[in-house]
Each structure stands twice: as C-alpha cells, then as structure tokens.
Amino acid sequence: MANFAKPGGGPQFSVDVYQNEYLPEGGREVNAIVTVTARGGTAPAGPGASAAVVLMVDCSGSMDYPPTKMRNAREATAAAVDTLRDGVRFGIVDGTHVAREVYPGGGRLAVAGPATRAQAKQALRRLGAGGGTAIGTWLRLADRLLAGADVSIRHGILLTDGRNEHESAAELKDTLDACAGRFTCDARGVGTDWEVKEVTGIASALLGTADIVADPARLTEDFTRIMESTMGKEVADVALRVWTPVGTRIKFVKQVAPSVAELTDRRTEAGPRAGDYPTGSWGEESRDYHLCVEVPAAGLGQEMLAARVSLVAARPDGSVQNLGAQGLVRAVWTDDMAASTSLNAQVAHYTGQAELAQAIREGLDLRKAGDMDGATAKLGRAVQLAGVSGNADTAKLLAKVVDVVDAPTGTVRLKAKVTEADEMTLETRSTKTVRVKK
C-alpha cells in the first residue's frame, strides 16, 4: 500500500508495509517492515537558502601527529565548502577544549557564494593544532549559530581525532539532549585514537551518520560525499507517526536500513494513542523501519488494525504538517498453521541484520575484556548472519578480525594480531545493513 504527498514542492513520500498479518490462536505479537521512500524532489536545484551547515573541525594538539593530519583536515573542510550550493548558510568552528568561530565570526553564518567560499578557505589556512578536546562545547556553539538561521534544514559535520577528555560523559550527554531535534549531525573519527562509542553516540543522538576515516588522506573524499548528501536534503524533522488502538502496545520501533538505529525511546506523544518517532532530514532516498506491536488476544477468524503509520514534518512555526503517506499494519487470527507460522521475508531479513549488529558489538567488547571464547562465539555468529543476509561488506570487515573456518556454521578463530583500524572500522560500521530484495 502506498500513498503519496508532496510537501511544498519537495519530494513525494510513500509508505509500504511488508508483514505476515496471520497469527495463531492466542498470538499477540505483530511484526512489520515499513518502507518509507521519498522521490522526485527539486534536486539538483537544491535547498539553497533553506539550509544551514556548520563544520566543526578538531584542532586539539593531537591533530599535529602526524603533521599531515591537520593539513588533511583543512583541505577536506575546504572541499566541503566548495560543495556548498549558492545561498546555503554556513560557518566553521575550531574545536579544542573550547569552541571558537573560524568563519565568518560574530555569532552569525555566511551565505555561500564565490566570495564567501574564498574567504572561508583563506580562514582555514590559519587553523593550527593545540589544546584539548571538549566536543560538547563545539556542538553548543554550532547549535547557537544554526538557531539564528531562518532555514528549514540545519546540519552539522563534526570531525575529531581523539577522546572527549576535557568534559565528562554526563556533560556531553546533556549537550546531546539539548541539541537533539534542533539539528542533525554527521560525525567522523579520523585516525585510531578516538572512541567509537562517543562518535557513534553523537551521530545517533543527532540522527546523523558515523564513520571512521582511518587514513587522513581520505578525508577530502569523505567530507565531499557528506556535503553532497546534505545538499540533497529538502524536508527536515520528518517523523513516523504511529497510531495504535486501545489495548495495543508498541514493543519497539527501529530503523533497519540503511543502518540499524533504535527509535523506541525517542517517542513523543502526538495525541490519543499516537506517538512520533524522529527520522531527521530527507532528500531523495528510501529507508526501512521495523515495527513490533503487541495486540490483545482474539478469537479465530477475527481481524483488527494493529497500527496505522503515517508521516509528519515539523513546520518552522512549531506546527506539524501531515505528509499524507500512510500504511496499515493488520492482525488476523487463523487456525491455518502454514499461514500463521510463515515468516515474512522482510521481517526475517532485518531481524537477522539487527542481530548481526548486536553480535559484532558484543563480540568486540568480549574480545577487549579478554573473554576469547565468548568473543569467538559472538563473532562466529556474526559471520554466519552476514553470510545468510548477503551482507558482503560486513563479511569482509569480519574477515580482518577472525579467520573464517566455515561461514555457514559460524566456525571461526580469532586472529592473533588485528590492527586497531580494522577493529574500529568493524565496530563503527557494524550497524550498516543491506536492503532486502522486495
């Protein structure tokens, strides 16, 4: 089922639901994969003045080791500035144990154009390394700058090469809680001296992407790709609105493609028996979500609407725009065992993908803790799941951490020597999934 809506000349949204709606007698759990697709926006003309971007560059002392790292960061940021479309508001922040405006300064953002791009790149040449790392101060400055822009898309790009040593974990969490919903942010760790859970936690809280750039020489390529994606965003603050009838309970809502992201605890109430789950900004793209609902028990032959999923977007004035696209999740009780025990292919695929991400995280944690038997079992299961789901990229990353004896059975041996870059790459990219063929 698919419905379309076109918000103000932006992309058209559709919602498709994939599920096995049949339950056995007494069955109460309903699972569905909800595919949301945005097509046919105004790109490549792009959002222009409707977007604002702040680039946060780590300039702590560790960025001088090796000295080429700081140069690579300056060049990557300059390439990102070159990728900005005319009319986009932008600013650059120098991040150490404090945050400082590099360009344009004065608590404001510049408007992208030939002159401002040239000025920004000139200002970047003056960036040097020195000081500590307090990422929360960078994010709070970015938030203040972005809040002053009269735009719909607000986005940050954050680069760090070290651990957040000059503020507490609680301080960073408070900052992320304060910034959540105000702007989205992609986070990148360069080199191997940063903390994966910190960087992925920032991206998760701010509905952005996280990745490792182990070789600083590849920063320019990565920053250019991030900015190109940002320039394609046209609708901000889109949420899945899930309505359920009386007696029904939502067990979880999670994004499962292009990566696994838990949304259950991010629900905000949206009227009687309805809640909104944030998905961030959208361009022309498609994402999959797994919805699990617990319904009241019913007799054979009965059926009910288990959930209604729609899309809404926040307007600048704080009101909510209904994007029109809607999908229905059903429950039907039957004594046909073949129907009630058949597992929907999409649900099965993404259940495996979520388990794959969890097995990798747990396996690497056990390895770090010295539990080699536990790590072997978890990473072996991950190899097995990667093979079943066709996740070739993750399988290749796993093969750098374990020797695969037999992939179908998950029989592996931990490698005696694993580079820090390979281990961090596997951990950072553990949530990336492959789409199921529908």
Side-chain angles (χ1 to χ4, degrees), residues 1-18 33-53 79-80 82-90 112 151-157 183-186 203 206-211 221-241 255-261 263 276-290 309-316 320-327 346 350 393 431-438:
M1 61 192 78
N3 295 285
F4 295 86
K6 192 165 187 174
Q12 295 178 324
F13 283 83
S14 66
V15 173
D16 295 281
V17 175
Y18 301 88
I33 298 301
V34 178
T35 296
V36 178
T37 304
R39 298 189 187 92
T42 57
S50 66
V53 184
D82 277 336
T83 311
L84 290 163
R85 291 205 177 97
D86 286 351
V88 172
R89 271 67 171 169
F90 77 102
V151 296
S152 57
I153 306 289
R154 295 179 175 86
H155 192 76
I157 298 174
F183 67 96
T184 54
C185 184
D186 294 317
L206 302 181
L207 299 174
T209 64
D211 207 349
E221 173 189 345
D222 188 75
F223 265 40
T224 301
R225 185 167 54 247
I226 296 173
M227 191 61 82
E228 287 173 344
S229 174
T230 303
M231 292 297 94
K233 303 297 184 185
E234 296 185 75
V235 184
D237 301 323
V238 175
L240 285 180
R241 176 163 289 180
Q255 178 182 289
V256 289
S259 61
V260 178
L263 300 176
D276 289 348
Y277 298 86
T279 68
S281 302
W282 284 71
E284 189 160 318
E285 58 190 296
S286 182
R287 307 179 200 171
D288 291 339
Y289 300 87
H290 187 171
V309 182
S310 58
L311 293 171
V312 297
R315 291 191 176 100
V320 173
Q321 175 186 9
N322 192 317
L323 301 183
Q326 178 178 283
Q346 284 78 10
Y350 286 125
D393 288 342
T431 60
K432 295 186 185 299
T433 58
V434 290
R435 302 295 295 272
V436 66
K437 293 179 180 178
K438 299 184 175 70

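Numbering starts at 1 and runs along the sequence shown. Hydrogens, waters and symmetry mates are skipped; everything else that's a heavy atom, side chains included, is used.
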Under a 4.5 Å cut-off applied to non-hydrogen side-chain atoms, are [X] and [Y] in contact?
{"X": "Val17", "Y": "Val309", "value": "no"}
{"X": "Asp288", "Y": "Val36", "value": "no"}
{"X": "Leu206", "Y": "Phe183", "value": "yes"}
{"X": "Val88", "Y": "Val53", "value": "yes"}

Requested in this report: Establish, from distance only, whether the side-chain atoms of Ser152 and Arg315 form a donor-acceptor pair under 3.5 Å.
Outcome: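 Ser152 vs Arg315: no donor-acceptor pair found between side chains.
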Query raised in the report: Among all residues two or more places apart in sequence or in another chain, which pass the side chain to side chain contact (heavy atoms under 4.5 Å, CB included) test with Ser259?
Result: Gln255, Thr431
Between [atom1] on residue [X] and [atom2] on residue [Y], distance to nearest 0.5 Å:
{"X": "Lys233", "Y": "Ser50", "atom1": "NZ", "atom2": "OG", "value": "13.0 Å"}
{"X": "Asp186", "Y": "Ile226", "atom1": "CG", "atom2": "CD1", "value": "5.0 Å"}
{"X": "Thr279", "Y": "Leu311", "atom1": "OG1", "atom2": "CG", "value": "7.5 Å"}

Can you name the closest pair of heavy atoms from [X] and [Y] and give their distance?
{"X": "Ala80", "Y": "Met227", "value": "O-CG, 3.5 Å"}
{"X": "Val434", "Y": "Tyr350", "value": "O-CE2, 3.7 Å"}
{"X": "Asn322", "Y": "Val312", "value": "CA-CG1, 4.2 Å"}
{"X": "Pro11", "Y": "Val235", "value": "CD-CG2, 3.6 Å"}
{"X": "Pro278", "Y": "Leu207", "value": "CB-CD1, 3.9 Å"}
{"X": "Ala236", "Y": "Ser281", "value": "CA-OG, 3.8 Å"}

**Report entry** Glu228 bridged to Arg85 by N-O distance under 4.0 Å
**Finding:** no
Query raised in the report: Does Lys432 come within less than 4.0 Å of Asp393, counting only side-chain N to carboxylate O?
Result: no
Query - Partner set under salt bridge (Lys or Arg N to Asp or Glu O under 4.0 Å) for Asp276, not counting sequence neighbours - result: Arg241
Query raised in the report: Do Arg89 side-chain atoms and Arg154 backbone N/O form a donor-acceptor pair below 3.5 Å?
Result: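 No.
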Query raised in the report: Going through the distances and angles, do Thr83 and Arg225 end up as a side chain to side chain donor-acceptor pair (under 3.5 Å)?
Result: CA-CA 9 Å; Thr83 311; Arg225 185 167 54 247; over 6 Å; no
